[in-house]
Amino acid sequence: MSTLGDLRASLLPTAEPVAPIREADLAREVAWVRVLRARVPALEALGPGDLAIAPAGALAIVAPGPAEAAELVREFVAARAAGVLLVAGDPDAVAGSDALEALGRAAVDAGVPAFRLGRLDVAALERSVIGFLVNRQAELDRQAGLLEARLETLALEGADLVGLVAAIGGSLGRAVALEGRRGDALAVHAPADLPGAADDVRGYLARPRAVALRIALPAQPGAHGRRPTSSGSLALLGARPASPLERSAVDRIAALLALELVRAESVRRAGDVAARRGDALPTDGPPWVVLLAEQATPGIALTIDQRDELRRELRLLAPARRLGLRGDAESLELRVVLAVGRDDPAGIVLAGRIAAFLGRGVGVSRPFDDPSDRPAAEAEARATLEAARGLPATPRVARADRLNAYRLLGGLHNLSDGPRQARLLLDPLLATASREEARRARLETLRALLDHPSPGEAAAALGVHRNTIAYRVRRLEAETGWDLADPELRLALGIAVRIMQSAQS
């Protein structure tokens with residue numbers, strides 16, 4: 001017989017416990033499933049080991065308040081039910097949300113395991129649980145098939161790789177990454193409502209080999225009689241071991257993802273031919289922006305074949321209608337034209353993904369509407385990237401609308417008496433650091449805190465957990481006496497940090 005833990009791990013990865021669940025509760029055996037109905041009696045034949053499904057709509061009618069919720073939970077306890085699944089309803093239905101919350105609290109107080117689920121088709125949920133209880137492997141295969149069918153539909157509707165990966169992560173309740181042939185992350189998704197998913201992504205970016213599961217995608221046929229080449233891989237992120245459902249699902253969808261990579265590359269080749277025949281720009285524009293970066297990482301020599309491979313994978317970061325790659329592998333620069341839209345009017349989000357993929361800074365022009373303005377936009381992106389290189393810490397995405405700011409900040413080290421004043425201001429922070437490495441680390445932490453609006457973003461920039469940032473802020477303010485919420489102090493500290501980092505570089 002299946003346990004509550006089996007059911008949650010294998011079939012309901014997005015189920016969130018209302019309160020911490022004990023191992024003994026997860027070991028409860030589940031005999032059957034019962035759905036609460038909007039009638040009296042709300043539950044029929046609830047018996048030992050039954051799992052109750054409580055939809056918000058029905059609950060708002062039969063147990064709208066704390067007293068009714070407590071009475072319902074007493075029925076669960078008397079019947080020795082295995083637990084309860086709280087299924088959310090319409091976000092605007094306040095009564096249903098309040099009833100779910102009241103039932104969750106009552107269940108926790110009575111020691112009944114309770115889990116929250118998002119808005120789901122209750123009939124489909126009931127069928128899935130019954131299928132799992134009757135024939136576990138058959139139900140896992142069915143769920144994997146449903147995910148595959150959903151991805152096929154999204155692909156036919158024109159979804160890009162980012163959209164497909166987001167669908168996989170949302171269905172499995174886990175952060176996931178799609179990797180190219182060279183192991184670079186083509187698309188990474190962390191479900192927004194999943195606790196710890198962002199930390200899993202940060203850990204993956206710091207140590208790409210440390211994943212819960214990595215499945216190689218089927219190889220693509222080699223061109224001109226060459227041996228088949230690897231398509232890439234799909235990685236499940238985080239420390240939690242992969243569940244049977246996840247293993248079944250990724251095996252099922254691997255071939256589809258490989259085909260999508262092939263299709264995307266074929267579209268790219270066709271687009272490259274069209275671009276060579278004229279001056280074609282991505283069709284989702286105008287407006288467009290030009291992104292410019294170095295063709296290779298400074299200090300690392302790449303062969304022409306390696307540059308071609310990098311360019312092929314770069315093209316997969318967005319659909320051809322949004323991204324056009326100019327030049328060839330022998331060019332000194334990577335020149336990319338991006339079509340921008342309402343969701344990313346300056347192209348900064350997609351530029352950030354490209355910069356992360358390349359592992360170096362990029363320059364982005366201001367948007368333009370006339371195709372004849374493309375050469376000027378390229379020159380603007382080039383000037384922006386050159387100005388940003390003069391800063392102590394080159395921004396990952398250098399924006400042309402901040403070009404004058406980059407030039408101003410890049411010249412701070414020439415201010416009269418600037419270095420001495422900067423050292424005096426920062427002395428409370430640096431005086432207790434005995435080694436140069438420690439002083440650099442403290443400056444980097446302060447810079448991240450000043451450059452980002454929230455501790456979470458500062459933690460992401462430094463590659464540490466947000467709790468680590470919170471600890472560092474408390475320690476920093478205690479040692480220096482600074483109030484980092486003071487805007488005047490933040491401005492002065494920001495200038496001083498840049499001057500000190502310029503002197504160190």
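Model, not experiment: these values are computed from the prediction. Keep in mind that the numbers below use all heavy atoms, side chains included, and drop hydrogens, waters and symmetry copies.
- Judged purely by atom type and a 3.5 angstrom limit, E477 uses its side chain to pair as donor or acceptor with the backbone of L484.
- Taking all atoms of both residues into account, the shortest heavy-atom contact from A235 to V211 is CB-CG1, 4.1 Å.
- Side-chain contact of R8 with T3: a donor-acceptor pair under 3.5 Å is absent, judged by distance alone.
- R374 places no side-chain N or O within donor-acceptor distance of the main-chain N or O of F368, the cut-off being under 3.5 Å.
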Listed pairs under 3.5 Å, donor-acceptor, residues 346-357 side chains, sequence neighbours left out:
{"from": "R353", "atom 1": "NH1", "to": "L317", "atom 2": "O", "distance (Å)": "2.8"}
{"from": "R353", "atom 1": "NH2", "to": "L186", "atom 2": "O", "distance (Å)": "2.8"}
{"from": "R353", "atom 1": "NH2", "to": "L317", "atom 2": "O", "distance (Å)": "3.2"}

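- For the residue pair R136/S2, the side-chain donor-acceptor check at 3.5 Å is satisfied.
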Check your understanding: Between E139 and R127, does a salt bridge (charged side-chain N to carboxylate O under 4.0 Å, His left out) hold up when you go through it step by step?
Key -> CA-CA 9 Å; E139 180 59 27; R127 176 186 173 185; 5.8 Å; no
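- Taking every heavy atom of both residues into account, L164 and A155 meet most closely at CD2-N, 4.1 Å.
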Review point. Do V129 and W32 pass the side chain to side chain contact (heavy atoms under 4.5 Å, CB included) test, and can you show the C-alpha distance, the side-chain angles, and the key distance before you say yes or no?
Key: CA-CA 8 Å; V129 175; W32 202 246; over 6 Å; no
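- The salt bridge (charged side-chain N to carboxylate O under 4.0 Å, His left out) search around R202 returns D199, not counting sequence neighbours.
- Side chain of W288 to main chain of P371: no donor-acceptor pair is present (N/O by atom type, distance under 3.5 Å, no hydrogens or angles).
- Here the closest heavy-atom approach between residue S248 and residue D141 is recorded as OG-OD1, 3.4 Å.
- The shortest heavy-atom contact between L147 and A249 is CD2-CB, 4.0 Å.
- Of the N and O atoms on the side chains of T283 and R321, not one donor lies less than 3.5 Å from an acceptor on the other residue.
- Residues L72 and A63 share a closest heavy-atom pair of CD2-CB, 4.4 Å.
- The CD1 atom of I168 lies 10.0 Å from the NE2 atom of H189; values are rounded to the nearest 0.5 Å.
- Rounded to the nearest 0.5 Å, atoms CG (L462) and CZ (R447) are 11.0 Å apart.
- Looking only at distances, a side-chain donor or acceptor of H465 sits under 3.5 Å from a matching main-chain atom of N467.
- Side-chain atoms of T468 never come within 3.5 Å of backbone atoms of V464 as a donor-acceptor pair (strictly under, hydrogens ignored).
- The nearest pair of heavy atoms linking A54 to L36 is CA-CB, 4.2 Å.
- No donor-acceptor distance shorter than 3.5 angstrom exists from the side chain of R360 to the backbone of R396, with no hydrogens or angles considered.
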Practice item. List the steps and the verdict of side chain to side chain donor-acceptor pair (under 3.5 Å) for S243 and R174. Key: CA-CA 11 Å; S243 70; R174 184 194 281 271; over 6 Å; no
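- Sequence neighbours left out, the pairs with a member in residues 54-74 that pass side chain to side chain donor-acceptor pair (under 3.5 Å) are E71-R74.
- Note that CG of L217 is 6.5 Å distant from CG of L178, once rounded to the nearest 0.5 Å.
- Looking at L125, I53, L85, L7 one by one, the single match for side chain to side chain contact (heavy atoms under 4.5 Å, CB included) with V33 turns out to be I53.
- Under the 3.5 Å distance criterion, the side-chain polar atoms of R80 are left unmatched by any main-chain donor or acceptor of G49.
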**Study point:** Worked verdict on R116 versus E101 for salt bridge (charged side-chain N to carboxylate O under 4.0 Å, His left out)
**Key:** CA-CA 10 Å; R116 297 189 190 93; E101 185 176 349; over 6 Å; no
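- Taking 4.0 Å as the cut-off between side-chain N and carboxylate O, R181 and E309 count as a salt-bridged pair.
- Rounded to the nearest 0.5 Å, atoms CZ (R399) and CG (L385) are 15.0 Å apart.
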Check your understanding: Is there a side chain to side chain contact (heavy atoms under 4.5 Å, CB included) between L334 and L292 once you walk through the steps?
Key -> CA-CA 6 Å; L334 276 170; L292 191 134; over 6 Å; no
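- With respect to R34 and D50, a salt bridge is recorded, a charged nitrogen being found less than 4.0 Å from a carboxylate O.
- Taking CG from L103 and CZ from R105, the interatomic distance works out to 10.0 Å, rounded to the nearest 0.5 Å.
- Of the N and O atoms on the side chains of S171 and R150, at least one donor lies less than 3.5 Å from an acceptor on the other residue.
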